[in-house]
Amino acid sequence: MCRFASRRAPCARGAAAMRTAPALLFLLTAVLAYYVYIPLPNTVSEPWKLRVVDALLRGGNLAHDLGLSHRIYVLNFAVNRFEVQGPRSSKAVLVTDTAFAGVQVRVFESTRRKEGELKRAVIYLHGGGWALGSASKWSGMRSYDSLCRRMAEDLKGVVVSIDYRLAPEARFPEQYNDALRASRYFLQPRVLARYSVEPSRVGVSGDSAGGNLAAAVAQQVGRKSSSSSSSSNNNDEGQVFKVQALIYPVLQALDFNTPSYQQNQNVPILYRPLMAHFWLEYLDGDLSFIQPLLANKHTALDVYWTAQGRAKVNWTQLLPASFRKHYKPVAPAHGLAQVVEEVPALLDPRAAPLLAERDVLARLPRTYILTCEHDVLRDDGLMYGRRLEEAAVSVTHDHYEDGFHGCMVFAFWPAYSSVGQRTVENYIRWLDDNL
């Protein structure tokens, strides 16, 4: 009770506030739980971790919808706020930030090799929809830094993580050009010698959009090496990759209704509309084209000049029945030719490596492709693997029934997960066996 009458009103208000606080806390908890919770397939590995990460990423969409900032800027702010890590060396790995032909890179060198012994090397391209993340500039993403550090240590080799420019400031083909320019620089004999790398044991790899760039770079390097070998001019471009390793790669933008796009359109962290958004940001297309892309209006039957491209992404022929399941192709009779007219890069193999001709694919090295069941991009990797096999390329397909897009970075703090750890272990084991 209040001791003085004059204090009764404040005390009464304080008591009321104390009674209200638990109710407000319960309400806020309920709202937060509602925001974080999304239904997920029961086979997703450790779903609560995926829900939390997805909720953080969806904050960028909310800020964009409220007109506070561009979605990409908000997402990059969140990534850089929590993922930034400078070039920190350890006893086992020397880490340096430098530039290759004007492109920023972070180089991870194992210190465990004997002096004079040549090392293996992997050129790595990070994911992020060609718009998110960083590999160097003293602000590398912790998850990719951890991955490349572990690769260098386990392989007793060198890993070059390329920090290509990002959308929306850079558009296709700038990201591709950065990746290719830095890769060619590293492949020069004098540069390989500087890092004590054996020229015949260099691979290229990447995840998601980085897998796209890795595949495109491998195609171009293979094309150039073939041209060099058929001429008397023995130049640096004769160097080829021994392997390519593609982690849930994005490889085409002609069909947004493959079985995996249909099955996983509402599965985080890569929602179907978000992938269309990333493509248009990368290719400098109008974002009003998102809905036509999702309806396959850009490849409708009356958009005749896309017919050749459609044949190369014909999942009814390229996917096993176990992945086609009950899904049906979406092929509108009438479409919107304006999309392809204004975004011609949709048909460019440098942007969409799945569209490459068979003779280009035939020159590619031994390939590892990792796919996840709960990922809209699953079928991109599956179709590419099938086309490579048809071109007589050796392919190892590593599929995870409990995996989701981006799960490999869940192998590291703060989002440890079983599937993340398994993907990293098997990926590095394959590189160790084949590089």
Side-chain angles (χ1 to χ4, degrees), residues 129-130 167 171-173 175-176 209 212-213 215-216 219-220 223 249-263 265 272-321 323-364 376-391:
W130 307 281
R171 311 284 189 163
F172 175 81
Q175 289 88 334
Y176 165 80
N212 168 285
L213 295 172
Q219 290 180 7
Q220 185 63 21
R223 181 184 288 112
V250 50
L251 299 168
Q252 60 86 28
L254 294 187
D255 192 347
F256 285 87
N257 289 276
T258 62
S260 61
Y261 265 114
Q262 294 185 53
Q263 172 184 293
Q265 58 184 307
R272 185 164 159 263
L274 180 59
M275 190 64 249
H277 181 109
F278 278 140
W279 268 113
L280 291 171
E281 290 280 7
Y282 179 41
L283 302 183
D284 199 16
D286 194 309
L287 295 181
S288 67
F289 291 152
I290 289 178
Q291 289 307 316
L293 287 181
L294 296 179
N296 282 357
K297 291 289 188 179
H298 60 310
T299 55
L301 299 180
D302 63 347
V303 185
Y304 303 112
W305 55 92
T306 64
Q308 187 176 6
R310 286 200 304 271
K312 294 172 182 174
V313 298
N314 182 2
W315 56 263
T316 64
Q317 299 295 320
L318 295 171
L319 293 182
F323 290 104
R324 294 197 304 269
K325 301 179 182 177
H326 61 279
Y327 296 102
K328 304 297 182 184
V330 175
H334 304 289
L336 187 64
Q338 178 189 359
V339 177
V340 182
E341 292 170 352
E342 294 189 17
V343 194
L346 288 164
L347 297 172
D348 190 330
R350 295 176 302 165
L354 185 53
L355 304 184
E357 298 297 336
R358 182 167 179 164
D359 65 319
V360 173
L361 300 180
R363 292 191 288 268
L364 290 173
V376 294
L377 301 180
R378 180 198 69 192
D379 295 343
D380 282 27
L382 288 169
M383 289 190 288
Y384 197 51
R386 174 66 181 277
R387 291 205 63 217
L388 287 171
E389 288 175 337
E390 290 176 348

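Between the CG atom in D255 and the CG atom in L354 there is a gap of 10.5 Å [rounded to 0.5 Å]. Taken to the nearest 0.5 Å, the CG atom of D302 stands 9.5 Å off from the CG atom of L336. Annotation: the span from R350 atom CZ to Q220 atom CD amounts to 8.5 Å, rounded to 0.5 Å. Taking CH2 from W305 and CD from E341, the interatomic distance works out to 4.5 Å, rounded to the nearest 0.5 Å. L294 CG to H277 NE2: the interatomic distance, rounded to the nearest 0.5 Å, is 12.0 Å. In this structure, CG in D379 is found 4.5 Å from CG in L319, a value given to the nearest 0.5 Å.
Between P353 and Q219, the closest side-chain pair of non-hydrogen atoms falls below 4.5 Å. Here the side chains of R386 and P320 are not in contact, with every heavy-atom distance at 4.5 Å or above. Inter-residue side-chain proximity for L355 and V313 is flagged as met; some heavy-atom pair is nearer than 4.5 Å. Between Q175 and N212, the closest side-chain pair of non-hydrogen atoms is not below 4.5 Å. Proximity of P329 to T316: side-chain heavy atoms (C-beta onward) are separated by under 4.5 Å at one or more points. Taking 4.5 Å as the limit, every side-chain heavy atom of D380 sits out of range of all side-chain heavy atoms of P249.
K328 and Q262 get closest at one heavy-atom pair: O-NE2, 3.1 Å. Closest approach of A253 to L346, counting heavy atoms only: CB-CD2, 3.6 Å. When every heavy atom of Y327 is checked against every heavy atom of Q263, the shortest pair comes out as OH-CB, 3.2 Å. V376 and S260 make their closest contact through O-OG, 2.8 Å (heavy atoms, listed as atom of the first residue, atom of the second, distance). Nearest heavy atoms, H298 versus T306: O-CG2, 3.6 Å. Contact detail for W315 and R324: the closest heavy-atom pair is O-CD, 3.7 Å.
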- [ ] Apply the test side-chain contact (heavy atoms from CB on, under 4.5 Å) to residues L287 and E281: give CA-CA distance (whole Å), side-chain angles for both, the deciding distance (0.1 Å), then the verdict.
- [x] CA-CA 8 Å; L287 295 181; E281 290 280 7; 4.0 Å; yes
Open item on the list: Quick one, L301 with R310, criterion side-chain contact (heavy atoms from CB on, under 4.5 Å). Give me CA distance, side-chain angles, the key distance, then yes/no.
Closed with: CA-CA 10 Å; L301 299 180; R310 286 200 304 271; 4.2 Å; yes
TODO: Verify side-chain contact (heavy atoms from CB on, under 4.5 Å) between F289 and L280, making sure each step is shown before the conclusion.
DONE: CA-CA 8 Å; F289 291 152; L280 291 171; 3.9 Å; yes
TODO: Step by step, work out the side-chain contact (heavy atoms from CB on, under 4.5 Å) result for H334 and K297.
DONE: CA-CA 7 Å; H334 304 289; K297 291 289 188 179; 5.7 Å; no
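Here the side chain of N257 pairs no donor or acceptor atom with the backbone of V330 at under 3.5 angstrom. Put simply, the side chain of Q252 gets close to the backbone of L254: a donor and an acceptor are under 3.5 Å apart. Within the 3.5 Å criterion, the main-chain N or O of K312 finds no donor-acceptor partner in the side chain of R387.
The only member of Y176, W279, F278, F172 that meets ring-ring contact (aromatic ring centres under 6.0 Å, His included) when paired with W130 is W279.
Open room surrounds CD on Q308; 12 or fewer heavy atoms of other groups in view lie less than 6.0 Å from it.
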